[in-house]
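Reviewing the structure listed below.
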Amino acid sequence: MSGFDRIEQSLPFSRSLLAGTALTVVMASTAAPALAQSQQQPTQMPAVTSEAEQPYQQYKTERLQSNKYTEPLLETPQSFVVIPRVLLDEQNVTTVDQALRNVPGITIGGGEGGGAQGSQYRIRGQAGANDTYVDGIRDTFTRFGTDAFNLEGIEVGKGGSGTYNGRGTTGGFINQVSKQARLENFYAGGLSFGTDWTKRATADVNHELGFWNGAVRLNAVVHENEVAERDDVDANRWGIAPTIAFGIGTADRLNISLFHLSENKIYDYGQPTITGRRAPVDRSNSYMFKDLNTDETDSTALTAKYEHDFDDMATLRSVGRYSYNTRYAIVTPPRNGNIAANTVTHNPTGRDIESTLLINQTDIVTRFKSEGGQVGLTLNGGFEVSRESYDTQSLSFAPTAPVDRLFNPNTGLAYFPAVNLGNLSETLAHGTAGFGFGTLSFGDYLDFIGGARVDRYNTHTSVFAAGTQPASTAKRTDVEPSYKLGVVGKPVDYGSIYFTYSTSFNPSAEEVAITTGTDTTPPETNSTYEFGTKWEVLDRKLALTGAVFWIDKNNARSGTDPITGDTANLGKTRTKGAELGATGYVMENWQVFANYSYLNAKILESANAAEVGKNVNNVPRHAFSIWSTYDTPFYGIQVGAGVQFVGHRHLTNANTGLEDGAYAIFDAMVSYPITDNIKVQLNGYNLSNTDYIASAHAGGAHYIPGAGRSAILSTAFKF
């Protein structure tokens, strides 16, 4: 491997990471020196230049970022897919949604009709829009599709995770890992140019301070693009993320980071369904007012993390964050498509949103060994406190929007309406939680895992009509426990077999706001059972995983209470599934990142008889993703290729109307090192120009076609 290849894998190049990030600095893996030891004796190949980066520089990852997962992935009784930054660099990924195509079992729905509300994730067939995190702290604003310039990798946990994360996380969670300052000096960055007017510039500078084992790091990005074969859909954004750290590599460590990202784009609300089917129009057709529609977001976050190693047996960690986010969005969902009359109606709607989050997580990890070391006990205990606000001003428009043509729409139609203020909704939520986990190990052969968490979640929403006292108020307090039990057998040091049982809950105020129709609705409760196995083969350079599972949502929200008229819990769903994964080196110069998911998600009970026995919407039965690269022996050239396959899926719970057939998307890459410090890379996306539905409105009223064929040429440098 050339010197440039090693440099590339040790530093974030411009094409870098994922998206939707709202920062922090925490690359802290687990506490305790056990992690440092694992980093000093890596099993990945080839060697990398920085211990701090190692977990995200090869496809195969050893450990997770969170202190709550105290053991290596091989010995953790839960399914994980960790997307490392090196893979995201190879794919030239810039958004989280783009990165998550590597994780079958996750599907994405479109924003809701009442206003653009971001990506609606489903994980293992369960709603997961609220299950997004940055460095282990809940940060739902990231689902609005922000840039990934300040991230090292994405950790996707599968299965019930309420014990670790609190409310939600029934199907799993998505954790974005931020970049951090470290003890070295470098200057890195890159430029990208592509089809559809794609332009991107990044900078990444790190410098040692020379005192207190300190360093500073600055990441920045400027980006703009249109979307292949989607008319008048574009995005422009810029971001900056400075970080300062002290005590790197010592027993006392302090990291302080600031993050800001501003984005202005046109939110794509796609095309209308007609009699429950895709409209027979070209996928480039857009139905909007390009002079009216807008999606302006600003996100700012300040994060501080302190860690202290008391000795070789205990580590304290405390992380605090304050974030302030605004969003002004005007969207135009297309409706009432009429083939015979060649017409479609516009229904512009909008929201002005302001949200804040103040949160702290504090925990301590302790490790004990019996005399002789045959019995070990690892304990993690702590608490979390949070305060969230979420204020939404609804917008309406007058006069009524003009009718457009279905087959040849005009996004430049003259429409300059008055913007009227509707109801103002103000929500304040407080959360407190205490948690504890333990792993009891008997030699190198058997682990017992247990954990519990209790959450108290209180939320209060007031709705004001313009210029009046509150038109309505709603409040609710839920106190809910979550549990996890597991056992891990290790017949050999490179393999494990496990079983785990976990619970989770979904309160009616899961996404902070509550209404007078849900303030008496109790939380949904869920149980997850998973049996799996993990193996590290080929001299522990290739990780193989497999799991079967089922998830019962015991009292899904469905129907209304006959006395109160509020939403009732009259439903039940069950998801049965299986997953397979292969990550790492197949040969010395050949890496593979492959995952397969089988999901059979059924509605067992519902207040709507038409849904009983049907498939849960937007959950494909089969899905797989493969990405593979090969370092050729010719001039340091690297080639890569991949495919993402998504099976047939219904997009309504009644399984009537809008649906999407199976499709496959093919991508490819080739890179060439001009010097040891500069390289160029060409990426091609959707090479077969497949026409597919990328996401859809939950009710099936509109859908967003996927992007067509595109390409990006990029160059990256590091000195």
Side-chain angles (χ1 to χ4, degrees), residues 12 16-31 52-53 56 64-68 85 96 132-144 146-155 164-166 173-182 204-206 209 212 214-221 239-248 252-262 297-308 315-326 355-363 382-389 431 433:
S16 53
L17 290 320
L18 359 2
T21 162
L23 114 299
T24 206
V25 177
V26 187
M27 189 146 200
S29 320
T30 54
E53 292 180 287
Y56 303 96
L64 298 172
Q65 176 203 53
S66 174
N67 277 17
K68 298 172 185 176
R85 72 151 296 105
V96 168
T132 55
Y133 296 77
V134 174
D135 296 317
I137 296 179
R138 188 184 301 273
D139 200 329
T140 56
F141 207 76
T142 58
R143 76 171 187 260
F144 292 107
T146 52
D147 197 277
F149 73 102
N150 193 45
L151 294 182
E152 286 288 0
I154 302 178
E155 301 170 344
Y164 298 104
N165 299 310
F173 63 92
I174 301 165
N175 182 45
Q176 304 171 40
V177 180
S178 300
K179 296 177 182 178
Q180 66 173 359
R182 54 182 181 266
D204 185 359
V205 178
N206 192 93
L209 294 177
W212 296 346
V216 293
R217 187 169 183 175
L218 178 66
N219 279 272
V221 66
I240 189 167
T243 297
I244 187 169
F246 299 102
I248 300 173
D252 285 280
R253 301 174 294 279
L254 175 66
N255 291 267
I256 301 173
S257 62
L258 180 67
F259 175 92
H260 178 80
L261 185 73
S262 292
T297 59
D298 281 276
S299 180
T300 303
L302 176 66
T303 303
K305 180 185 69 172
Y306 173 70
E307 293 177 298
H308 173 70
T315 296
L316 172 72
R317 176 180 182 263
S318 184
V319 182
R321 175 182 299 150
Y322 174 77
S323 66
Y324 175 77
N325 310 289
T326 62
S355 68
T356 66
L357 171 64
L358 180 63
I359 188 170
N360 175 267
Q361 287 183 4
T362 298
D363 63 81
F383 63 86
E384 176 183 295
V385 293
S386 65
R387 179 190 184 276
E388 297 176 77
S389 69

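From a predicted model like this one, the values you see are computed outputs, not experimental measurements. Hydrogens, waters and symmetry mates play no part in the numbers below; they use all other heavy atoms, side chains included. All residue numbers refer to positions in the sequence shown, counting from 1.
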Student check: side-chain heavy atoms of Leu357 and Arg387 closer than 4.5 Å:
no
Distance in Å, Thr132 OG1 paired with Ile174 CD1, rounded so as to fall on 0.5 Å steps
7.0 Å
Is Asn206 reaching over with its side chain to a backbone N or O of Arg182, donor-acceptor style, under 3.5 angstrom?
yes
Rounded to the nearest 0.5 Å, how far apart are NE2 of His308 and CZ of Arg253?
9.5 Å
Might you work through the side-chain contact (heavy atoms from CB on, under 4.5 Å) test for Leu218 and Ile240, ending with a clear yes or no?
CA-CA 7 Å; Leu218 178 66; Ile240 189 167; 3.7 Å; yes
To the nearest 0.5 angstrom, please state how far the OG1 atom of Thr315 sits from the CD atom of Glu307.
7.5 Å
side-chain contact (heavy atoms from CB on, under 4.5 Å) between Leu358 and Arg321, worked out
CA-CA 6 Å; Leu358 180 63; Arg321 175 182 299 150; over 6 Å; no
For Glu155 and Gln65, indicate whether the former's side chain and the latter's backbone hold a donor-acceptor pair under 3.5 Å.
yes
Below 4.5 Å, heavy atoms only, C-beta onward: do Thr300 and Leu258 meet side chain to side chain?
yes
Between Lys68 and Asp363, does any NZ, NE, NH1 or NH2 come within less than 4.0 Å of an OD or OE carboxylate oxygen?
no
Given Ser318 and Leu316, is the side-chain contact (heavy atoms from CB on, under 4.5 Å) satisfied, shown in steps?
CA-CA 7 Å; Ser318 184; Leu316 172 72; 5.5 Å; no
Candidate pair Val205 and Arg217, rule side-chain contact (heavy atoms from CB on, under 4.5 Å), full reasoning:
CA-CA 6 Å; Val205 178; Arg217 187 169 183 175; over 6 Å; no
Enter the distance from Gln176:CD to Ile137:CD1 here, rounded to the nearest 0.5 Å.
13.0 Å
Flag the pair Lys305 / Ile256 as yes when at least one side-chain heavy-atom distance between them is below 4.5 Å, and no otherwise.
no
What's the shortest heavy-atom distance between Ala181 and Ala245, and which atoms?
CB-CB, 4.1 Å
Residues at least two apart in sequence or cross-chain that pass side chain to side chain contact (heavy atoms under 4.5 Å, CB included) with Asp298, listed by chain then number, are His260, Ser262, Thr326
Any Val216 side-chain heavy atom under 4.5 Å of Pro242 side chain
no
Does any N or O in the side chain of Asn360 come within less than 3.5 Å of the main-chain N or O of Val319, such that one atom is a donor and the other an acceptor?
yes
How far apart are the closest heavy atoms of Phe149 and Asn219, and which atoms are they?
CE1-O, 3.5 Å
So CD of Gln180 and OG1 of Thr243: to nearest 0.5 Å the spacing works out to 8.5 Å
Got Leu261 and Asp147 here, is their nearest side-chain heavy-atom distance under 4.5 Å?
yes
State the CG-CZ distance between Asp139 and Phe259, to the nearest 0.5 angstrom.
9.0 Å
Hey, are the side chains of Thr362 and Val385 touching, using non-hydrogen atoms and a 4.5 Å cut-off?
no
State whether the side chain of Gln361 and the backbone N or O of Gly136 hold a donor-acceptor pair below 3.5 Å, judged by distance alone.
yes
Between the side chain of Arg138 and the main-chain N/O of Asn165, is any donor-acceptor distance below 3.5 Å?
yes
Do Tyr306 and Asp252 come close enough that some side-chain heavy atom pair is under 4.5 Å?
yes
